Amino acid sequence: MTRPYNFSAGPAALPEAVLRQAADEMLDWHGSGMGVMEMSHRGREFMSIAQAAESDLRELLAVPASHRILFMQGGAIGQNAIVPLNLSQGGVADYVVSGSWSKKSYKEAARYCRPQLAATNEEDGQHTRLPAPQTWRLSDDAAYVHLCSNETIHGLEWHELPDLQALGSRAPLVIDCSSHILSRPVDWSRVAVAYGGAQKNIGPAGLTLVIVREDLLGRALPICPSAFDYQVVAEHDSMYNTPPTYAIYIAGLVFQWIKGFAFEGRTGLAAIEAQNIAKARLLYGALDDSGWYVTRVASEARSRMNVPFFLPDARLEEAFLAGAREAGLLQLKGHKSVGGLRASLYNAMPLAGVQALVAYLQDFQRRHG
Ligand SMILES: *Cc1c(COP(=O)(O)O)cnc(C)c1O
């Protein structure tokens with residue numbers, strides 16, 4: 001049986017091999033007589049699962065010893081509060097708005113600190129190009145600078161993260177990388193905190209990854225819940241409260257899958273990135289060459305992961321989506337705030353899935369164009 005290709009923006013498709021392995025181990029993990037959901041998080045079995053997941057993630061993303069990896073809960077939206085609770089000390093923090101996710105972060109921060117709008121790309125409610133770092137208005141006394149490195153809804157991606165020091169800021173950079181984490185390497189010399197929900201590119205909803213530079217621990221406001229205090233979580237190896245054990249287990253299987261992934265003579269994260277570049281090039285190329293489908297994001301800001309696009313006539317959308325479902329191409333509807341269509345091409349989407357989508361795009365245009 002071949003499964004349809006699933007272009008959901010999140011929760012999103014997982015590698016089929018991972019789902020099969022999880023199914024095989026559902027009732028009995030490695031001869032323990034227990035499924036992973038049934039294990040104590042402090043038992044030997046689950047501790048080994050969590051430790052392997054953490055060390056595989058550290059290896060894949062080349063996370064330096066200066067940064068801690070935390071397995072948390074509450075999602076990226078939870079981090080919109082947890083970041084200022086941990087880092088702001090109630091003072092000023094700079095926010096770069098490049099789409100609806102970073103705008104949401106900026107708004108939530110005002111409950112805990114004094115967020116300053118360092119830059120925005122919003123024009124007539126649209127977000128189509130990235131605000132150039134040289135134009136940002138950075139504060140002298142910011143506790144941190146926040147940006148969303150891949151805007152899932154509007155389809156913009158920071159392909160190079162800013163060098164804050166070169167811009168005259170001493171503040172640490174905090175990124176929401178929910179929707180492109182593990183799709184490419186991270187330049188840790190520029191990133192102090194990276195966070196993301198797992199349900200886009202890593203595993204099931206319920207797990208939130210936080211990678212935080214160690215010198216930023218221990219600064220939380222007194223009102224910060226203990227379970228959300230980075231220092232408390234770090235001191236307890238992410239087991240201050242019961243972690244989302246099954247989600248961590250699936251994430252660990254995904255990390256193993258990435259380590260073994262091969263593409264065009266590469267392996268691991270380099271292979272994943274090469275395939276992501278190939279998939280994005282194929283889809284954007286087909287949309288551009290069509291002279292019919294419409295994209296709005298400036299080419300240098302286009303996300304490799306989330307590709308919003310439009311039909312020349314919105315009345316054709318229903319027919320497009322119904323035909324796509326029949327062709328085995330699922331969840332292509334655009335986000336309600338943007339409209340149109342959106343294809344999310346996370347790591348688990350094979351090149352063949354994008355080839356099938358492009359064939360469908362061409363066929364639909366022939367019939368309706
Ligand atoms: C999906 C997403 C979120 C929201 O994640 P939750 O798990 O719902 O909190 C936040 N930021 C980005 C960039 C996202 O893609």
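In listed order, ligands and their atoms are each counted from 1. Predicted, not measured: the structure shown is a model, and the values here were computed from it. All residue numbers refer to positions in the sequence shown, counting from 1.
The 4.0 Å heavy-atom shell around ligand 1 contains residues Gly75, Ala76, Ile77, Trp101, Cys148, Asn150, Thr152, Asp176, Ser178, Ser179, Gln199, Lys200, ordered by chain and number.
Under the rule for a ring pair (Phe, Tyr, Trp, His ring centres under 6.0 Å), His30 has no partner lying at least two apart in sequence or in another chain. Scanning for ring pair (Phe, Tyr, Trp, His ring centres under 6.0 Å) contacts around Tyr5 gives an empty result, with sequence neighbours left out.
Counting only residues at least two apart or in different chains, salt bridge (Lys or Arg N to Asp or Glu O under 4.0 Å) contacts with residues 149-160 comprise Glu157-Arg184, Glu160-Arg190.
No donor-acceptor pair closer than 3.5 Å links the side chain of Ser139 to the backbone N or O of Asp141.
Here Tyr249 and Phe46 keep their ring centres 6.0 angstrom or further from each other. Note: Tyr95 and His146 meet the aromatic proximity criterion, with ring centroids under 6.0 Å apart.
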